[in-house]
Amino acid sequence: MLSRTIANILPYMPKKLIWIFSKRYIAGETVEDGLRASRELNSQGIEVTIDLLGEFIRHPEQAEENKRRYMDLMERFTSSGVSGNFSVKPTMLGLLIDHEICYGHLRELVEKAALRNNFIRIDMEDSQCVESELNIFRRLAAEFPGHVGLVLQAYLRRTMDDLVSLSKLPAPAPNFRLCKGIYVEPPHVAYKDYQEIREHFLEDLEFILKNNIYVGIATHDKYLVNGSFELLKKYRTPRDRYEFQMLYGVTPELRHFIVAQGHRMRVYVPFGKDWFNYSTRRLKENPKIASHIIKALFVREQNRRITPEKHSES
Ligand code: FDA
């Protein structure tokens, strides 16, 4: 209730104030900010996946512009020596305007990634997008195997069926990021119970490991991290067949713990001028995030008093 009220109020608060809350989770506005954050993570032995923030689009020209921005971004990052890949939200490339326009833009991005021996991860959005995103992924994976991956959301009732069907794709096996899912979905589409979602996450992960599919285990939930450790051990999964993934600024202590155990880690680094709309929209989609933001303010204030020079991300 409190989270929802705060989420509704935040868009009307001064941008500077929201930035105080948001900067822990967003690398900044410019490509230089994204590069700086990525280099810092690389120096800690952590890979990145770069996400250019974008607002809801209504016109094909905006999709074209976003594609151009991603192409430039890929150029900058791949030539700068940063160790990482790219995450893309298909709605930014026009998925909800015209499926084929979106496919065409994503194809260009994946083609460029393939030429640079890099990789594009297609983020999974709300349930109205799932079928189209799967369809685009299948087409691109057939043309550029090894250079495109998809996200699967453990809270969706359909995910195990999707996994079974995707695991039959011809070699090389696909590459998935498994996460809980962030959008608010109706109960006939998604499991709603917290523990039930966790159980489905581990079931999905077990299926993935059994089938020798590369996986990014994307969670900050200690219960799931421990459950993943057990499954990785059970299936004797080699360290180069999986990685853990976390969001920029979230649970750095757990992240350090996982890295210290010798597991690969990738951090999702969002940046861009649209951070304000992005932050407030995410809050509306999932008001629970508001409570994290408030908590972050206090943790940040506390850290500042103790170690004034400490970077907010680490
Ligand atoms: P949970 O929400 O239970 O969080 C566990 C603990 O982590 C919390 O108790 C809290 O301490 C901390 N925490 C979690 N989120 C926090 C936050 N924002 N701020 C501060 N603390 C936080 N979803 C989706 O639908 N499509 C996608 O493509 C992606 N992509 C993606 C990439 C990566 C790398 C990650 C880590 C996550 C995503 N997600 C996503 C989001 C995902 O679906 C999920 O909503 C969040 O990761 C939160 O779920 P957890 O598993 O972390 O558990």
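Counting convention: from 1, in listed order, for ligands and their atoms alike.
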Quiz item: For ligand 1, which part of Val151 has a heavy atom less than 4.0 Å away: the side chain, the backbone, both, or neither?
Solution: side chain
Quiz item: Mind checking whether Glu203 and Phe207 have side chains closer than 4.5 Å, heavy atoms only?
Solution: no
Quiz item: Is there a path of hydrophobic side-chain contacts, each under 4.5 Å between heavy atoms of I, L, V, M, F, W or Y residues, that connects Phe86 with Tyr214?
Solution: no
Practice problem: Give the numbers and elements of all ligand 1 atoms closer than 4.0 Å to a heavy atom of Asp123. | Solution: 28 (O)
Self-check item: Gly181: numbered ligand 1 atoms lying under 4.0 Å from its heavy atoms
Solution: 25 (O), 42 (C), 43 (O), 45 (O)
Quiz item: Do Thr30 and Asp33 have side-chain N/O donor and acceptor atoms under 3.5 Å apart?
Solution: yes
Quiz prompt | Heteroatom distance test (Leu247, ligand 1): nitrogen or oxygen, under 3.5 angstrom | solution = no
Quiz prompt | Distance filter under 4.0 Å to Thr219 heavy atoms, resulting ligand 1 atoms | solution = 50 (P), 51 (O), 52 (O)
Quiz item: ligand 1 versus Val250, non-hydrogen atoms closer than 4.0 Å: side chain, backbone, both, neither?
Solution: side chain
Quiz item: Does even one non-hydrogen atom of Tyr194 get within less than 4.0 Å of ligand 1?
Solution: yes
Practice problem: Using distance alone, decide if ligand 1 has a nitrogen or oxygen within less than 3.5 Å of any nitrogen or oxygen in His220. | Solution: yes
Quiz item: Would you say ligand 1 has an N or O under 3.5 Å from any N or O of Cys179?
Solution: no
Quiz prompt | Region of Gln153 that comes within reach of ligand 1 [heavy atoms, distance under 4.0 Å] | solution = side chain
Quiz item: Do Phe244 and Phe229 have side-chain heavy atoms sitting under 4.5 Å apart?
Solution: yes
Self-check item: Within reach of ligand 1, part of Arg177 (heavy-atom separation under 4.0 Å)
Solution: side chain
Self-check item: Donor-acceptor under 3.5 Å (Arg121 side chain, Asn175 main chain)
Solution: yes
Quiz prompt | Which of the ligand 1 atoms, numbered from 1, are nearer than 4.0 Å to a heavy atom of Tyr268 | solution = 32 (C), 34 (C)
Quiz item: Considering only heavy atoms of Tyr183, which atoms of ligand 1 have at least one such atom less than 4.0 Å away?
Solution: 25 (O)
Quiz item: Under a 4.0 Å heavy-atom limit, does Thr251 contact ligand 1 with its side chain, its backbone, both, or neither?
Solution: side chain
Quiz item: Out of Leu41, Val48, Ile26, which residue meets the side-chain contact (heavy atoms from CB on, under 4.5 Å) rule with Tyr248?
Solution: Leu41
Quiz item: Do Ser165 and Arg138 pass the side chain to side chain donor-acceptor pair (under 3.5 Å) test, and can you show the C-alpha distance, the side-chain angles, and the key distance before you say yes or no?
Solution: CA-CA 11 Å; Ser165 143; Arg138 283 173 185 280; 2.5 Å; yes
Quiz item: Between the side chain of Glu47 and the main-chain N/O of Gln245, is any donor-acceptor distance below 3.5 Å?
Solution: no
Practice problem: Can you sort out which atoms of ligand 1 are near Gln245, meaning under 4.0 Å from one of its heavy atoms? | Solution: 34 (C), 36 (C)
Quiz item: At a non-hydrogen distance cut-off of under 4.0 Å, which region of Met246 contacts ligand 1 (side chain, backbone, both, or neither)?
Solution: backbone
Quiz item: Side chains of His263 and Glu243: does their closest heavy-atom pair fall under 4.5 Å?
Solution: no
Practice problem: State whether the side chain of Asp123 and the backbone N or O of Ser87 hold a donor-acceptor pair below 3.5 Å, judged by distance alone. | Solution: no
